[in-house]
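Have a look at the structure below before the remarks.
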Amino acid sequence: MSTSSPSVGDPGFDLEAALDRVAHWLPTSGPIKDFIHHNTLHAFQRMKFHQAASAAARLYGARVGMPARFFLEAYHAGRISDSALERALASAFPDEQSRAAARTQLKSGTLDEPVFAGRVCRGLRAMWTEQLGGVALHRRSHLHLFRVFGGYLDQGLSTWRMPGADQMGLYDCVANLVAASRLPLLPFDTAGARALLRLPAREALTAALARSVGRQDWYESYLLETLLTAPGWSGLMGECERMPGLLLVPRPITLLDCAAVTLVAELGCLERELGLGFAPLSASSACPAADAAPDERVDRTDAEVLLSVWQEAFEWSYYAPLLGALKAKSTRRRLPPPKATAWAVFCIDDRACSVRRHIEEVAPDIATFATAGFFGLDFYYRGVDDAIAGKHCPAPMTPRHLIVERFETSQAIQASRPPPWWRRALHMEAGSNSLLRGWLLSYVLGFGAALRLAANVLRPSLAPVAIAPLSTVNRQARFKLVREGDARSPDGLLLGYSPDELAERIVTVLRSMGADRDWPELVVLFGHGASSVNNPYFAAYNCGACSGRVGAPNARAFAKAANHPDVRAALREKGLPIPDSTWFIGALYDTTRDEATFYDMDRMPARFRPALAVFQRSCDEALARNAAERCRRFESVPLPVSPARALEEVRLRSVSLFEPRPEYNHATNASCVVGRRALTAGLFLDRRTFMSSYEPSRDPDGEILTGILAAVVPVCAGINLEYYFSRIDPRVYGAGTKLPHNVNGLLGVCNGIEGDLLTGLPTQMTEIHDPVRLIIVVEQSPDVALAAAKRNPAVFEFVENEWVRYGCLDPTTGEISLYDGGEMVKVNGLAPPAWAWPTSLDAARQGRANLPVGFVGRLELASEGASS
Amino acid sequence: MIDELLLLAIVGPLLLALLLALRAVTGERAVAYVAQSAAALSAATSAIAVGLWIAHSARPLLTPPHVLFQHQDYRFTFQLALDDASVVFLVLVQFTTGMVLRFSRFYLHREPGFRRFFATVLMFQAAMCVLTLAANLDLMFAGWEMVGCASFLLIAFYWERQSAVRNALKTYSVYRVADMGMLLAACMAEGGDHRALGFLLLLAAIGKSAQFPFSFWVPRAMEGPTPSSALFYGALSVHAGAYLLLRTEPLWGDATMVRVFVGVFGLLTAALCSMFSRVQPTIKGQVGYASVTQVGLIFVELALGFRVLALVHMVCNALLRCYQLLVSPSVVAYLVRRQASAGFAQATEGRSGYARFLPEKWVSPLYVFALSEGYLKETVKVAIWSPLRRVGQVVRPWRAALLVVGAAGLAVAVAIAPRTSQHWHVALGWAFMTQALLCSASGLGSWRSPLRAVAWVSVSSVAVAAAVFVISPAHNRFASIAYAAAVAVLCGLGLAGTRMVVAPRAEAARFAGLSDKNPAAMALALVSALGIAGFPLLPTFLGEDLLLHDALPQGAAVSALITAVLALNGYLAVRNFAFAFLGPHQSEQRSALGGVGNQAPLVECAMPSRAA
């Protein structure tokens with residue numbers, strides 16, 4: 001073992017590169033106002049799924065999967081089938097003997113829970129703190145550090161900002177404060193810390209590393225461990241450094257500053273406790289050399305392997321009936337669908353899964369489609385209520401267009417005025433928090449607060465809530481979609497689209513859905529969002545394909561474009577003539593309230609009114625039924641529940657201050673079907689399936705499929721994996737229970753006032769989630785499906801490393817194949833579903849647990865009778 | 001009639017809380033039903049009583065006294081008082097508790113601690129009713145103590161999280177300081193010096209209402225579920241201190257010095273906390289300090305003699321802060337949208353309030369001062385805990401000697417007591433007191449061994465009893481013997497409970513989370529800890545009162561010392577319980593060691609490697 005002597009500012013150590021590598025392992029959550037679902041273990045994505053989970057468990061001190069107890073209970077409850085277990089065992093243990101042993105051990109329930117200490121507790125830091133006599137190093141420093149971080153990054157909560165925060169980086173800001181203030185800023189008040197703070201950030205960090213670690217080959221590991229003690233804050237800072245646009249109030253933040261401030265603070269704490277005489281880590285020769293990056297060839301323990309067998313069996317118990325149902329459905333004789341009078345186009349969202357079914361049940365003459373909820377229009381959008389423009393497209397895309405919403409009438413402007421001062425003061429405004437104004441205000445407002453509280457607790461309604469629900473927002477505001485010339489915003493974004501650009505996007509979307517002939521009278525596009533109150537996670541409930549925003553502007557823009565004469569002319573040129581007898585309408589589907597809002601109806605020619613009236617009636621009925629289906633998941637709603645009652649129930653939820661579960665969001669997501677509606681219509685998929693419309697016959701080479709997968713896989717897999725990991729370890733990957741959460745700087749939530757920012761989802765969102773990996777089934781022949789996935793490396797990474805299961809259903813043969821080790825392998829022995837219900841509501845009466853896949857609808861029942 | 005109704009309003013929730021605590025009711029629906037009925041019963045009976053009172057005359061009214069306990073000239077009387085202040089506060093208590101209970105019934109849906117939460121809130125409701133209505137300080141102290149215990153239990157509601165338990169202890173330690181004032185004041189109440197009494201009440205009030213220099217605990221107490229934070233630190237318990245001063249104004253009102261100090265503390269708090277509130281980056285911290293700011297102003301109003309103004313202010317502030325905390329999760333959606341309409345740049349940068357008028361060179365120091373919360377936490381730590389800790393360190397090597405000397409002293413005292421003079425007794429009493437204090441100080445640092453920590457508290461408590469035994473006259477030794485017996489039983493329970501999960505000489509980490517090893521042991525230890533802390537439903541509560549009653553004639557100094565040791569022991573007992581039983585479960589601890597500590601590392605990784 002070498003014992004190199006520490007030297008300050010040695011050029012041999014590349015700090016920036018090391019920090020880049022370290023940043024890779026930190027959580028990547030942005031500010032909570034745009035909660036974007038992503039794979040929690042994104043950093044591990046180039047490893048195989050089970051390997052990655054194990055490696056991450058060793059790095060973060062997390063669980064590897066659900067506890068064995070969970071699976072055993074599921075097994076005894078029949079939710080894991082014997083055949084699935086055998087299948088999983090067979091693939092994990094090829095030889096009969098070890099398989100038998102594994103089987104006994106799994107069923108006996110004697111499996112030891114694999115638990116791992118995180119790197120923070122067994123790495124260099126741990127050794128050092130032990131060497132120093134067991135100093136509670138990070139707890140001490142965090143008490144002071146987090147309020148400095150919060151004060152610096154705060155996005156508008158505190159009324160007195162850190163002096164200089166808007167001009168300087170975090171480190172300079174702290175250094176300035178310490179230098180300019182005679183009063184001590186703990187723990188930066190010691191002589192050593194002050195001396196370090198006189199150096200620039202980079203030098204201070206190197207010097208601090210030299211002081212505490214002393215050996216350059218350990219720096220990177222030590223940095224990683226140090227930043228991992230506060231993953232929420234350091235992850236946020238790393239993310240904001242990569243994407244400065246995430247912050248409403250700009251702050252020139254870098255991870256280097258974060259590391260420098262943290263290390264100086266820790267040295268300050270140590271100096272305060274132990275004086276200057278403590279030895280650096282390198283003084284102890286007992287330390288082994290440490291590599292910063294987690295080992296990719298992680299040696300999984302037997303318990304981990306067995307747990308992954310349980311996991312595979314659990315998943316297959318869901319996959320097999322689903323695949324069987326799809327296969328059965330595809331091999332049935334198909335009646336040619338009747339000519340549709342209207343199309344309803346939804347997002348791929350799993351919550352639209354049931355809405356589409358209900359609409360079809362209520363009005364068989366409405367055909368439904370699904371495409372990623374940004375409707376092919378990628379833009380930044382600034383609504384009249386928005387401070388800055390937000391991205392309305394899947395997270396990986398970078399739009400080049402900006403749409404700005406404006407009011408046109410003075411009446412509308414009036415409606416958008418901020419509420420009067422006393423209402424603001426009552427709600428949150430800082431006025432009531434100040435000394436004298438607060439004194440006066442509290443006399444005035446106290447009784448008002450009592451009334452509001454009583455009103456909302458006893459009879460929740462919108463009135464006392466200062467936040468408008470989505471449906472009432474901005475129906476009167478307009479935006480300019482088609483740009484004149486090449487006008488650009490100051491950031492260089494194009495202000496709107498040219499007709500040609502719009503036509504191109506419309507063609508892509510409509511072709512990919514197979515919705516380009518037999519035009520109906522109306523095409524209604526539903527963007528979706530969720531209105532909830534008292535919920536810091538509101539963005540996580542919105543459209544994932546719109547980066548956690550409401551999809552209404554995209555739907556509205558699409559409809560506007562498709563109705564535009566110039567665009568229609570351009571469409572005609574591109575070979576997609578839309579007849580004048582067809583009108584597009586943009587709408588908003590509020591997933592919490594089961595409410596539809598239709599936009600720009602005043603611009604619609606009068607001849608479409610009757611058709612729209614009929615559509616709206618069907619839509620209302622379908623949404624009420626959908627509410628009834630949703631209600632079965634809410635334990636607090638007694639069953640059975642009528643659609644009308646259910647509608648009241650869900651709307652009450654959306655405005656109740658006391659409701660931590662306005663809806664269950666994606667909590668039941670498990671699968672994704674890319675194909676014609678005929679494949680899934682008449683199947684009760686229990687709101688567990690993302691669906692994307694796709695017409696295989698018009699895509700012989702899979703080009704369109706590649707496009708769909710590029711949008712669908714990252715969004716759906718991101719959602720699925722975030723739920724998965726938040727569910728298996730709510731403490732490390734998730735945010736724990738939501739009830740004590742405290743909003744910090746409008747950036748995120750923490751526990752108490754001294755906690756780290758929390759990443760992931762709270763248990764209230766994930767509690768009913770069955771942690772299964774997403775299975776994607778595309779309706780296409782195996783060769784084309786595989787080629788389509790391989791064409792996009794980002795997509796293929798998910799597939800290849802088993803973060804999602806990828807399968808296809810050959811439309812000609814009805815055979816199902818699954819991706820397995822580089823090829824599509826045919827799956828045999830799939831049984832058709834054993835369940836069938838006359839209507840969706842009959843299915844929804846079956847208790848609260850997940851339901852097996854079954855047929856639903858009289859037509860299906862009839863053909864069931866015919867086939868059996 | 002009013003009497004019975006009010007009694008029902010207090011006893012109803014208390015009994016049902018006990019029912020819930022004993023797991024007599026299970027299942028979310030049933031628990032919620034019981035809790036809401038209890039709260040409704042209490043509210044309804046209070047409402048009828050208040051109605052009757054108004055119909056009657058609306059003049060200050062005392063219900064007939066019930067002497068619950070009497071020994072010689074000591075009397076513990078259950079008597080309630082209805083006057084404008086207590087009626088208004090009672091309505092406030094019932095309204096906010098009712099609202100928060102109903103709110104929580106949905107908010108806590110599916111939460112593992114559902115029953116525990118409602119049991120504690122019901123206990124709190126009963127305690128607040130007692131505190132509000134009590135006609136004497138003894139009875140008020142009973143409510144006061146239960147409010148403190150309920151606070152501790154709800155801040156530590158998520159007791160698998162270290163920071164929650166840590167902050168619960170922090171709060172409780174401040175409450176103990178306040179209890180000292182209250183306990184002494186209660187014993188002195190009859191015929192005491194108004195000025196001394198006033199200062200004691202002020203001590204009690206500034207602790208409970210988080211006034212200078214104890215303001216730091218309020219934002220840190222926001223660790224429990226949001227509704228409990230709203231109820232305790234937005235609405236009720238943070239106003240309990242101010243309410244105490246309001247109710248006892250006749251006792252201290254004529255002492256000008258007290259008035260001045262009430263005003264000064266209030267003003268100081270208001271000025272400082274409004275500054276702290278401005279720089280808080282978290283919403284609950286901000287509302288917490290804002291609330292304390294207003295309580296400071298209420299103190300000023302009380303000092304100036306504006307009773308009605310203070311009462312109205314108290315009610316309004318309580319309601320406003322309660323609401324603000326309940327809707328605090330919506331602040332993201334609200335402010336993000338709001339900032340857009342108010343001209344973003346100007347709304348977000350720069351200084352606000354009086355900070356605008358500061359000269360440039362003051363800005364940084366003041367900001368640092370505000371961000372550091374005026375160093376109050378550190379100051380209190382250095383002023384109170386550090387000296388005790390140091391004494392403990394000095395004593396610990398001599399602990400065996402301490403015990404031997406103590407035992408010998410007790411034997412001598414018993415043997416020679418009848419024959420010696422009173423001076424000897426007093427001297428011996430001081431010796432025992434010193435021993436008790438040293439034992440407690442030693443117990444402060446001996447948490448590493450849970451059993452030993454409990455033992456130190458026990459020895460200290462017995463030594464206090466011994467001190468009172470020797471100084472009180474021979475015919476009046478009932479108090480000390482009774483207290484010693486009660487404490488011995490409770491300490492026995494505590495030792496037994498702790499022994500069930502820890503080997504005799506074993507060492508354990510702070511927040512060892514032993515609760516999952518044996519819930520029964522945890523229950524025993526909790527009862528023991530509450531008992532030593534003088535929980536009103538346990539015999540030691542009366543015992544403490546009696547002890548002080550006997551000690552008071554022997555002088556203020558000895559009584560103050562006894563109170564201090566009693567308060568310290570109560571804190572230590574609760575702390576020992578928390579260190580051993582609360583914290584991440586054993587099964588979680590290994591994995592918890594510094595995970596991607598979303599809930600940051602639960603246990604500090606490098607445990608002191610001192611060998612067992």
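The structure presented is a predicted model; accordingly, all values stated were derived computationally and were not measured. Here is how names work: the chains are called A, B, and so on, in the same order as the sequence lines, proteins then strands, and each is numbered from 1.
- Of the listed residues (A:Gly745, A:Gly235, A:Pro660), the one with the most heavy-atom contacts under 4.5 Å to chain B is A:Pro660.
- Looking at A:Leu451, there are no atoms closer than 4.5 Å to chain B (heavy atoms on both sides), in backbone or side chain.
- Proximity to chain A is absent for every atom of B:Phe157, based on heavy atoms less than 4.5 angstrom apart.
- Within a 6.0 Å sphere centred on NZ of B:Lys170, heavy atoms belonging to other residues, nucleotides or ligands number more than 12.
- Residues B:Tyr158 and B:Pro225 form a side-chain contact, since some pair of their non-hydrogen atoms from C-beta on lies under 4.5 Å apart.
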Salt bridge (charged side-chain N to carboxylate O under 4.0 Å, His left out) for B:Glu223 and B:Arg161? Distances and angles first, verdict last. CA-CA 9 Å; B:Glu223 293 269 7; B:Arg161 243 190 17 240; 2.6 Å; yes

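- Between A:Tyr443 and B:His313, the two ring planes are tilted [angle within 30° to 60°].
- Using a 4.5 Å heavy-atom cutoff, the side chains of B:Leu326 and A:Leu453 are in contact.
- The most heavy-atom pairs under 4.5 Å with chain B, out of A:Ile753, A:Val457, A:Asn742, come from A:Asn742.
- Of the listed residues (B:Ser163, B:Gly224, B:Gly285), the one with the most heavy-atom contacts under 4.5 Å to chain A is B:Gly224.
- For chain A, the option among B:Tyr289, B:Tyr367, B:Phe103 with the highest count of heavy-atom pairs below 4.5 Å is B:Tyr367.
- For B:Phe511 and B:Trp159, the ring centers sit 6.0 Å or farther from each other.
- Taking 4.0 Å as the cut-off between side-chain N and carboxylate O, B:Arg220 and A:Glu754 count as a salt-bridged pair.
- Counting heavy-atom pairs under 4.5 Å between each of B:Arg105, B:Met99, B:Gln280, B:Lys361 and chain A puts B:Met99 at the top.
- Both the backbone and the side chain of B:Leu108 come within contact range of chain A, with heavy atoms under 4.5 Å apart.
- The aromatic rings of A:Tyr60 and A:Tyr733 sit perpendicular, their planes meeting at an angle over 60°, well past the 30° parallel limit.
- Proximity to chain A is limited to the side chain of B:Arg29, based on heavy atoms less than 4.5 angstrom apart.
- Most heavy-atom pairs under 4.5 Å with chain A, from the set B:Thr293, B:Ile298, B:Leu297: that is B:Leu297.
- The candidate with the highest count of non-hydrogen atom pairs below 4.5 Å against chain A, out of B:Pro365, B:Ala370, B:Ala164, is B:Pro365.
- Heavy atoms of B:Leu371 lying under 4.5 Å from chain A belong to its backbone as well as its side chain.
- Residues B:Gln162 and A:Arg139 have side chains in contact (heavy-atom distance under 4.5 Å, counting atoms from C-beta outward).
- For B:Glu378, the part lying near chain A is the side chain, with the backbone staying farther off; criterion is any non-hydrogen pair under 4.5 Å.
- For the set A:Asp154, A:Asn535, A:Asn176, the entry with the most heavy-atom pairs within less than 4.5 Å of chain B is A:Asn535.
- Contacts of B:Tyr375 with chain A are made by side-chain atoms alone, with heavy-atom separations under 4.5 Å and no backbone atom involved.
- At a 4.5 Å heavy-atom cutoff, the contact between A:Glu635 and chain B is made by backbone and side-chain atoms alike.
- When heavy atoms are compared at a cutoff of 4.5 Å, A:Phe538 approaches chain B solely by way of its side chain, counted from C-beta outward.
- For chain A, no part of B:Leu325 is nearby; none of its heavy atoms comes within less than 4.5 Å.
- Side chain of A:Asp729 to main chain of A:Val732: a donor-acceptor pair is present (N/O by atom type, distance under 3.5 Å, no hydrogens or angles).
- When all heavy atoms of A:Gly150 and A:Trp233 are compared, the closest pair comes out as CA-CH2, 3.6 Å.
- Counting heavy-atom pairs under 4.5 Å between each of A:Leu153, A:Leu132, A:Val749, A:Leu177 and chain B puts A:Leu177 at the top.
- Aromatic ring centroids of B:Tyr107 and A:Phe658 lie 6.0 Å or more apart.
- Only the side chain of B:Ser277 comes within contact range of chain A, judged by heavy atoms closer than 4.5 Å.
- With A:Phe634 as the aromatic partner, A:Arg653 meets the cation-pi criteria of under 6.0 angstrom to the ring centre and within 45 degrees of the ring axis.
- Counting heavy atoms from C-beta on, the side chains of B:Leu311 and B:Val308 never come closer than 4.5 Å.
- Neither the backbone nor the side chain of A:Leu26 comes within contact range of chain B, judged by heavy atoms closer than 4.5 Å.
- Contacts between A:Pro31 and chain B at a heavy-atom distance below 4.5 Å are absent for every atom of the residue.
- Looking at B:Val100, there are no atoms closer than 4.5 Å to chain A (heavy atoms on both sides), in backbone or side chain.
- For B:Leu366, the parts sitting under 4.5 Å from any heavy atom of chain A are the backbone and the side chain alike.
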